[in-house]
Amino acid sequence: MTDVSATTTLPSRAAGGTTMRALTLTGDRKIELLEVPAPPAPGPGEVQIAVKAIGLNHLDVWGWRGMAFAKRKLPLVVGVEAAAEIADVGPGVTSFKPGDRVVGYGGLTCGTCKACREGRDNLCENVAGVMGFHVDGFARDLINMPARLVIPVPPGVSLRDAACAPIAFATVQHMLFDNAKLEPGETILVQAGGSGIGTTAIKMAKAIGCTVITTVGDDSKAEKAKALGADHVINYRTERFEGVVRKLTQKRGVDVVFEHVGPETFNGSLLCLKRGGRLVTCGSTSGQSTTINLFQLYLQQYRIFGSFGASIRNVRESLDKMAAGLTPVIDTEVKLAEVERGLARLESRQVFGKIIVTF
Ligand SMILES: [Zn+2]
């Protein structure tokens with residue numbers, strides 16, 4: 001492990017023979033700030049980005065503590081979503097210039113398959129992996145990336161906020177609007193409203209005029225969720241949320257449930273849906289499996305959507321929302337060398353909003 005205090009300056013932009021910092025997963029629950037060779041000048045169609053901020057996600061927690069089914073090799077540079085500045089552009093790239101502010105799309109899509117051509121990037125048939133989870137990620141000073149996977153940040157949006165666009169915001173945008181097709185005036189239950197995506201879902205649903213019911217694990221989070229605009233907040237540790245939701249909706253149930261907790265809440269979430277209601281889920285942070293009542297599923301005509309990641313269009317839509325004032329809730333900012341403190345905080349569910357790692 002290098003001396004962190006001695007490695008706080010960026011390498012020169014030319015980067016020939018220089019080194020840079022990289023937060024590297026070297027074993028289960030072991031991330032080191034290493035000095036590694038800086039990349040060469042960007043190739044044709046590539047840009048070189050200088051990373052400024054990383055948003056932490058549950059995907060980082062899984063990567064950190066180890067995940068049996070993940071196909072990957074250590075050491076691995078962590079970081080699944082980031083904001084950066086363009087440091088250099090390769091031959092043929094005209095869409096960016098040095099100094100432009102950008103975010104990276106972390107799914108290494110092929111760009112040519114049917115799904116990619118149709119803009120359904122997260123369904124790419126030849127994806128080479130998710131950066132920061134399967135292949136080296138964003139938590140390093142400089143990265144060469146295909147220019148087609150880099151998205152400009154609009155004026156007025158900070159890089160700290162923009163770092164939440166590629167995964168936290170875009171995932172929610174995709175879940176609510178592409179999958180669940182949430183409409184103005186509908187009622188939605190947002191599970192775990194204090195999480196990074198939960199806070200985002202509350203704000204996005206309120207912004208189009210929905211009634212938002214949310215669950216949290218303690219009373220201090222309840223106050224914060226109310227302040228974000230949630231109409232009803234349920235402390236799931238002291239009340240059964242299924243019963244409260246039924247009461248709040250006069251036994252009708254909600255139009256949409258935003259799930260990501262998984263086995264701990266999934267069946268309760270289904271019970272909260274009205275007939276024909278939609279449940280959209282990602283994450284499943286409390287475990288992998290549950291059983292569901294198939295009679296209930298078809299008799300109530302539920303529609304259940306699995307959702308993973310987002311399209312590049314969703315990232316652009318997210319940045320546009322930020323530019324219009326729908327900004328992320330930031331729980332904590334930590335320095336590069338403190339990333340494990342941030343991950344432990346995320347794992348312990350103490351957060352309200354996003355944890356950002358700054359360079
Ligand atoms: Zn593809």
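Computed from a predicted structure; not experimentally measured. Start at 1 with the first residue, then count along the sequence. First listed ligand is number 1; within each ligand, the first listed atom is number 1.
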- Distance criterion under 2.8 Å: protein N/O/S atoms around the Zn ion (ligand 1):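 Considering protein N, O and S only, the Zn ion (ligand 1) has 4 within range.
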- Item | Cluster check Ile292, Val256: I/L/V/M/F/W/Y, side chain < 4.5 angstrom |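 Different hydrophobic clusters.
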- Partner set under side-chain hydrogen bond (donor to acceptor under 3.5 Å, both in side chains) for Thr290, not counting sequence neighbours: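 For Thr290 the side-chain hydrogen bond (donor to acceptor under 3.5 Å, both in side chains) partners, ignoring immediate neighbours, are Asn267.
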- Item | Whichever hydrophobic residues join Val233 through chains of side-chain contacts under 4.5 Å |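 ILVMFWY cluster around Val233 also holds Val216.
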- Query: Got a sec, which pairs hit ring pair (Phe, Tyr, Trp, His ring centres under 6.0 Å) with one end in residues 268-297, sequence neighbours left out?
  - Reply: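 Pairs touching residues 268-297 that pass the test: Phe295-Tyr298.
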- Message: Given Val339, which partner from the list Ile54, Asp60, Ile31 fulfils the side-chain contact (heavy atoms from CB on, under 4.5 Å) test?
- Response: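 Among Ile54, Asp60, Ile31, the one meeting side-chain contact (heavy atoms from CB on, under 4.5 Å) with Val339 is Ile31.
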- Query: Between Thr265, Asn293, Leu279, which is the residue that forms a side-chain contact (heavy atoms from CB on, under 4.5 Å) with Leu270?
  - Reply: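 Single pass found, and it is Leu279.
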